[in-house]
Q: 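Shown below is the structure under consideration.
Only heavy atoms go into these numbers, but all of them, side chains included; no hydrogens, no water, no symmetry mates. Just so it is clear, the model here is predicted, and its values are computed rather than measured.
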Amino acid sequence: AFPIAKWLFLQIILEARAHGLVFGKSVAIDCCFLHVYGKTYEQAKRGYSGQMKRKMDGYKLWVAFSVESKMPLSFHLDSGNIGDTSYFKRCVGQAKYVLGEGQLKRVIADRGFCSRELYFWLDRVMHLIFVFRAKAGSTNRYIQNAIDGLQPSDYRQMNHLEKYAKTIV
């Protein structure tokens with residue numbers, strides 16, 4: 001029954017877009033761990049829960065939202081032992097399809113999706129602007145080294161509030 005639910009979700013979102021309820025150029029993507037207790041849940045696997053700081057039985061849920069219209073554009077549910085980056089490309093692709101050709105411009109995600117492969121894919125293949133919240137420390141040292149090597153001319157103005165961001169390629 002789950003494929004039918006996904007198809008129905010997509011049809012509802014596309015109908016909402018046709019009526020002007022789904023719009024925007026920015027997508028926020030996140031992945032969370034859904035805890036389950038008991039032994040009767042199908043496909044629930046043991047995976048790491050960041051909230052509980054240990055391994056537990058459960059599922060992983062990936063969701064992509066339109067930042068401007070605050071509407072869900074894509075979701076995927078899988079067993080708990082799947083990595084965070086597994087369905088990132090699929091969520092971006094479906095969000096791009098739902099928003100319409102040429103509408104998606106920016107992707108926002110948290111540190112769970114930090115990956116050179118995803119940076120390359122977003123920048124060179126999808127030609128999107130992306131913002132990833134990176135955790136300071138040795139796990140993201142390759143990001144920090146790229147940031148430290150930037151010059152003042154590498155900054156670009158983000159909006160009318162005079163905030164600046166570093167552009168990393």
Side-chain angles (χ1 to χ4, degrees), residues 2 5-35 47-53 58-80 82-137 139-140 142-144 146-147 155-169:
F2 191 65
K6 287 179 75 171
W7 177 84
L8 185 61
F9 170 79
L10 182 60
Q11 297 308 311
I12 290 170
I13 292 298
L14 290 175
E15 189 66 25
R17 182 185 78 182
H19 291 289
L21 299 174
V22 177
F23 57 88
K25 297 190 179 300
S26 301
V27 170
I29 299 177
D30 203 0
C31 175
C32 66
F33 190 88
L34 305 174
H35 308 271
Y48 181 74
S49 167
Q51 182 181 15
M52 302 296 274
K53 306 291 187 220
Y59 301 96
K60 287 265 182 109
L61 175 66
W62 290 262
V63 182
F65 285 93
S66 168
V67 174
E68 293 85 0
S69 65
K70 297 173 182 58
M71 293 286 286
L73 303 175
S74 174
F75 73 93
H76 189 81
L77 181 69
D78 208 336
S79 60
I82 304 295
D84 285 355
T85 60
S86 301
Y87 292 99
F88 183 85
K89 292 179 182 178
R90 187 177 194 171
C91 285
V92 171
Q94 185 169 352
K96 186 174 183 176
Y97 174 75
V98 169
L99 287 174
E101 190 62 37
Q103 292 298 311
L104 182 59
K105 303 293 181 198
R106 290 174 292 279
V107 175
I108 302 165
D110 66 2
R111 64 180 171 241
F113 299 107
C114 287
S115 158
R116 286 185 180 181
E117 176 200 351
L118 291 180
Y119 297 157
F120 182 84
W121 181 75
L122 287 168
D123 185 42
R124 303 299 166 105
V125 177
M126 298 297 286
H127 306 291
L128 297 172
I129 298 169
F130 54 94
V131 177
F132 281 45
R133 181 178 154 247
K135 180 170 62 173
T139 57
N140 290 325
Y142 61 90
I143 298 171
Q144 192 62 45
I147 291 172
Y155 287 80
R156 61 183 171 84
Q157 187 173 351
M158 291 295 286
N159 60 27
H160 68 284
L161 298 176
E162 300 290 326
K163 292 182 180 176
Y164 289 85
K166 295 180 179 179
T167 303
I168 301 174
V169 177

Q: For Val131, does its backbone N or O pair with a side-chain atom of Arg106 as donor and acceptor, under 3.5 Å?
A: no
Q: Using modelled atom types only, decide if a donor and an acceptor are shared between the side chain of Lys105 and the backbone of Gly102 within a distance under 3.5 Å.
A: yes
Q: Are any non-hydrogen side-chain atoms of Val27 and Lys96 less than 4.5 angstrom apart?
A: no
Q: For a 4.5 angstrom cut-off between non-hydrogen side-chain atoms, does Val107 reach Ile29?
A: yes
Q: Any idea which heavy atoms bring Ala109 and Phe88 closest together, and the distance?
A: CB-CE1, 4.1 Å
Q: Do Met126 and Trp121 have side-chain heavy atoms sitting under 4.5 Å apart?
A: yes
Q: Less than 4.5 Å apart, any side-chain heavy atom of Ile82 and any of Trp62?
A: yes
Q: Tell me, yes or no, whether the heavy-atom count around Glu101 atom CD, taken from other residues, nucleotides or ligands under 6.0 Å, exceeds 12.
A: no
Q: Could you measure the distance from the OG atom of Ser86 to the NE2 atom of His76? Nearest 0.5 Å is fine.
A: 8.5 Å
Q: What heavy-atom pair brings Pro72 and Ile13 nearest, and what distance separates the two atoms?
A: O-CD1, 3.2 Å
Q: Once rounded to the nearest 0.5 Å, what's the spacing between atom CG of Asp30 and atom CD1 of Ile108?
A: 11.5 Å
Q: Within the side chain of Ser69, is there an N or O that forms a donor-acceptor pair under 3.5 Å with the backbone of Phe23?
A: yes
Q: Going by heavy atoms in the side chains, are Leu99 and Val22 under 4.5 Å from each other?
A: yes
Q: Going from CG on Leu73 to CZ on Phe9, what distance comes out if it is rounded to the nearest 0.5 angstrom?
A: 7.0 Å
Q: Measure the spacing between CG of Leu61 and OH of Tyr87 and express it to the nearest 0.5 Å.
A: 12.0 Å
Q: May I ask you to test the Leu77-Leu34 pair for a side-chain heavy-atom distance under 4.5 Å?
A: yes
Q: Of all the heavy-atom pairs spanning Leu128 and Leu104, show the shortest one and how long it is.
A: CD2-O, 3.2 Å
Q: Closest heavy-atom contact between Lys60 and Phe33?
A: CE-CD1, 3.9 Å
Q: Between Leu118 and Lys89, is there a side-chain heavy-atom distance shorter than 4.5 Å?
A: yes
Q: Is it true that, when you exclude Tyr97 itself, more than 12 heavy atoms of the residues, nucleotides or ligands shown sit nearer than 6.0 Å to its OH?
A: no
Q: Are any of the side-chain heavy atoms of Phe113 and Cys31 separated by less than 4.5 Å?
A: yes
Q: Check Gln94 against Ser74 and note the closest heavy-atom contact, atom names and distance.
A: OE1-OG, 3.3 Å
